[in-house]
Amino acid sequence: MKKLSEILQGLTYQSVNYRDVEVEKITFDSRAVEPGTLFVAQVGVHVDGHKFIGSAIEKGASVVLCQTLPEHQLSGVVYIQTADSSMALGIAASNFFGNPSQRLKLIGITGTNGKTTTVTLLQRMFRQLGYSVGLLSTVVNKIDEQEIPSTHTTPDAIELNSLLRQMADHGCEYCFMEVSSHAIVQQRIAGLHFVGGIFSNITHDHLDFHKTFADYIAAKKAFFDHLPATAFALTNIDDRNGMVMLQNTAASKHTYSLQSVADFNCRIVENTLQGLLLSIDGKEVWTRLVGRFNAYNLLAIYATARLCGISQNEALTVLSTLQAAEGRFEYVNGSGKMAIVDYAHTPDALKNVLQTINDIMSDDQRLIVVVGCGGDRDALKRPVMSKIAAEMCNTLILTSDNPRTEDPERILDDMEAGLNTAQKENALRITDRRQAIKTACTLAKNGDIILVAGKGHEKYQEVNGVRHHFDDKEELNNILNA
């Protein structure tokens, strides 16, 4: 319970019927309103919360925070009008939960690829170093080893601050958090206090939401623009937009690179299916992760640790023990065949994984790729991904991913459009994902490698708004080890 005056700290607003009432709960979902609730009317992508103000009041909302005042105001309700109710929700939620992000060291990472691996391994590293640590990721949220299911890359502002409050009350000193471009634009991180920000890379993705690549870049950059002077901003300068992220930040600026002179440097000494031998800032370290893309992730992890005051020896020692995050280049072996499950669902991520496999395959090994694209998402990447896959494997099987509300056949049509005549003739089109995986395993001979890409850690397949149990790793295990 909080006084309304405390919840509104830091907000610019006008009020109607203002009284400093006690607020029992804060929500943007009118269905969750109870007596004593502050209801926030957001202008969403699909739904305008202002339409539900009346319903919220009927259920007992005592305060309404909105951008546009309703035509008729009731005398028993306090109305707070602000220019941006989504931003206001973030600040209000932070205040309501006691500004938990100020009670721990919150470090966010944004970028197209590598976010989950980086935050997951940072959480594991700092746990090994003896710290109590929180994690906010696509795969799972954690308070030390307590797992809390994750539904979005970045939760909504209320859930986010509730989780941070639990972490702070638990005694967490750090929290590592994925920061999605959607969350930045939708102001879900408004009101949070970050001590550090990391930029991994940016490639074409989410253009169904951002519309243009320039808008997507601007969304990522906005995260760094709002970092305080007391924070650090760490960027990958091998990405062509890496330095763009630092242009207007007040935070201290730091860089990492595999190709250029930077504050933190890394060189790949060996790259095998068993792991990477890296030279980081002049010292060699063997790691269990595979591929050039993971060299970048590991360097970002090392650099973050150093910026947090961890010694070089401590950081490298723990780095050598870390294992891949779930669904990121995970192995499944059986019947003399090797399968790899990876979340790669963007052209760049798929290319990175395929390049890694090609670099370490022997001449007598063949690569069979099973890949699809999600429905209700950026359709422009579909032909690009199929083209990349066709050019970098021996056998391509196009299949369904999460079609959501789209027709799976239409998605596969879009993917086939990226193939030339010869590639179309050599590719298989199997809409049923289970059958596609089974076919790949049947086609593979001893020593061959199967890549099942796109879903990674996900344990479901979403069709027409319904999530059905489906786990790529489980399917491969059942087939290869039958």
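These values consider heavy atoms only, across backbone and side chains, with no hydrogens, waters or symmetry-generated copies.
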Stepwise side chain to side chain contact (heavy atoms under 4.5 Å, CB included) check, Met177 with Leu192: CA-CA 12 Å; Met177 170 185 174; Leu192 298 186; 4.2 Å; yes
Taking every non-hydrogen atom, the tightest pair across Val369 and Cys393: CG2-CB, 3.5 Å
Asp348 versus Thr112, side-chain donor and acceptor atoms under 3.5 Å: no
Geometric class of the Phe126/Tyr131 ring pair [parallel <30°, tilted 30-60°, perpendicular >60°]: tilted
Pairs satisfying side chain to side chain donor-acceptor pair (under 3.5 Å), at least one member in residues 234-248, at least two apart: Lys221-Asn248, Asp238-Ser257, Asp238-Tyr296
Non-neighbouring partners of Asp414 that pass side chain to side chain donor-acceptor pair (under 3.5 Å), sequence neighbours left out: Arg382
Beyond-backbone contact of Asn161 with Pro100, side-chain heavy atoms, under 4.5 angstrom: yes
Whether Thr110 side chain and Val179 backbone form a donor-acceptor pair below 3.5 Å: yes
Ile198 and Leu122, any side-chain heavy atoms less than 4.5 Å apart: yes
Evaluation steps, side chain to side chain contact (heavy atoms under 4.5 Å, CB included), between Val371 and Met415: CA-CA 10 Å; Val371 66; Met415 295 189 75; 4.2 Å; yes
Of Arg288, Arg124, Gln128, the residue whose pairing with Thr321 passes side-chain hydrogen bond (donor to acceptor under 3.5 Å, both in side chains): Gln128
Any donor-acceptor N/O pair, Ser162 side chain to Ile158 backbone, under 3.5 Å: no
Ser94 side chain to Gly191 backbone, donor-acceptor under 3.5 Å: yes
Polar side chain donor-acceptor pair, Ser86 to Gln186, under 3.5 angstrom: no
Distance in Å, Ile202 CD1 paired with Thr346 OG1, rounded so as to fall on 0.5 Å steps: 11.0 Å
Asp84 side chain to Met87 backbone, donor-acceptor under 3.5 Å: yes
Lys459 side chain reached by Glu326 side chain, heavy atoms, under 4.5 Å: yes
Exam field: side chain Ser137 to backbone Val140, donor-acceptor pair closer than 3.5 Å: yes
Donor on one side chain, acceptor on other, Tyr174 and Gln123, under 3.5 Å: no
Taking only distance into account, with no hydrogens and no angle test, what donor-acceptor pairs under 3.5 Å do side-chain atoms of residues 417-424 form with protein atoms, sequence neighbours excluded?
| residue | atom | partner | partner atom | Å |
| --- | --- | --- | --- | --- |
| Asn420 | OD1 | Ala422 | N | 3.2 |
| Asn420 | OD1 | Gln423 | N | 2.7 |
| Gln423 | OE1 | Asn420 | N | 3.0 |

N/O donor-acceptor pair under 3.5 Å between Ser181 side chain and Lys220 backbone: no
Evaluation steps, side chain to side chain contact (heavy atoms under 4.5 Å, CB included), between Ile26 and Leu89: CA-CA 9 Å; Ile26 182 170; Leu89 172 63; 4.2 Å; yes
Contacts of type side chain to side chain contact (heavy atoms under 4.5 Å, CB included), residue Glu475, not counting sequence neighbours: Arg434, Ile437, Phe470
Within the 6.0 Å centroid threshold, strictly below: His345 and Tyr343: yes
Backbone of Thr304 reached by a side-chain donor or acceptor of Tyr256 within 3.5 Å: no
Whether Phe293 and Phe329 hold their rings parallel, tilted or perpendicular, with breakpoints at 30° and 60°: tilted
Test item: side-chain donor near acceptor, Glu416 and Ser386, under 3.5 Å: no
Set of residues satisfying side chain to side chain contact (heavy atoms under 4.5 Å, CB included) with respect to Arg103, sequence neighbours excluded: Arg165, Ala168, Asp169
Contact summary for Gly111 and Ser200, nearest pair of heavy atoms: CA-OG, 3.3 Å
CA sep, side-chain torsions, deciding dist, call: Asn402, Glu458, side chain to side chain contact (heavy atoms under 4.5 Å, CB included): CA-CA 10 Å; Asn402 289 318; Glu458 293 177 349; 2.9 Å; yes
For Glu270, all residues meeting salt bridge (charged side-chain N to carboxylate O under 4.0 Å, His left out), sequence neighbours excluded: none
For Asp144, salt bridge (charged side-chain N to carboxylate O under 4.0 Å, His left out) partners two or more places apart: Arg127
Sole residue of Thr116, Thr118, Thr117 in side-chain contact (heavy atoms from CB on, under 4.5 Å) with Thr120: Thr116
Short side-chain to backbone donor-acceptor contact, Asn394 and Leu367, under 3.5 Å: yes
Partner set under side chain to side chain donor-acceptor pair (under 3.5 Å) for His193, not counting sequence neighbours: none
Minimum heavy-atom distance Ala250-Leu227, with the two atoms named: CB-O, 3.9 Å
Side-chain donor or acceptor of Asn265 paired with backbone N/O of Ser260 under 3.5 Å: yes
For Thr272, all residues meeting side chain to side chain donor-acceptor pair (under 3.5 Å), sequence neighbours excluded: none
Rounded distance [0.5 Å steps], CD in Glu406 versus CG in Asp401: 11.5 Å
Partners meeting salt bridge (charged side-chain N to carboxylate O under 4.0 Å, His left out) with Glu314 (sequence neighbours left out): none
For Cys175 against Leu164, the heavy-atom pair lying closest together: SG-CD2, 3.9 Å
Non-hydrogen side-chain atoms of Glu330 and His457 separated by less than 4.5 Å: no
Non-hydrogen atoms of Leu234 and Ala300 that approach each other most closely: CD2-O, 3.8 Å
Residue pair Pro155 / Leu163, side-chain heavy-atom distance below 4.5 Å: yes
Salt bridge (Lys or Arg N to Asp or Glu O under 4.0 Å) between Asp448 and Lys337, worked out: CA-CA 6 Å; Asp448 287 349; Lys337 304 167 187 178; over 6 Å; no
Heavy-atom closest contact (Ile184 atom, Ala219 atom, distance): CG2-O, 3.2 Å
Any residue meeting side chain to side chain donor-acceptor pair (under 3.5 Å) with Thr431, in chain and number order, not counting sequence neighbours: Glu409
Gln42 side chain vs Gly49 backbone, donor-acceptor pair below 3.5 Å: no
Asp29: partners by salt bridge (charged side-chain N to carboxylate O under 4.0 Å, His left out), with sequence neighbours left out: Arg31
Side chain to side chain, Arg433 and Lys455, heavy atoms closer than 4.5 Å: yes
His254 and Phe264 aromatic ring geometry - parallel, tilted or perpendicular at 30°/60° bounds: tilted
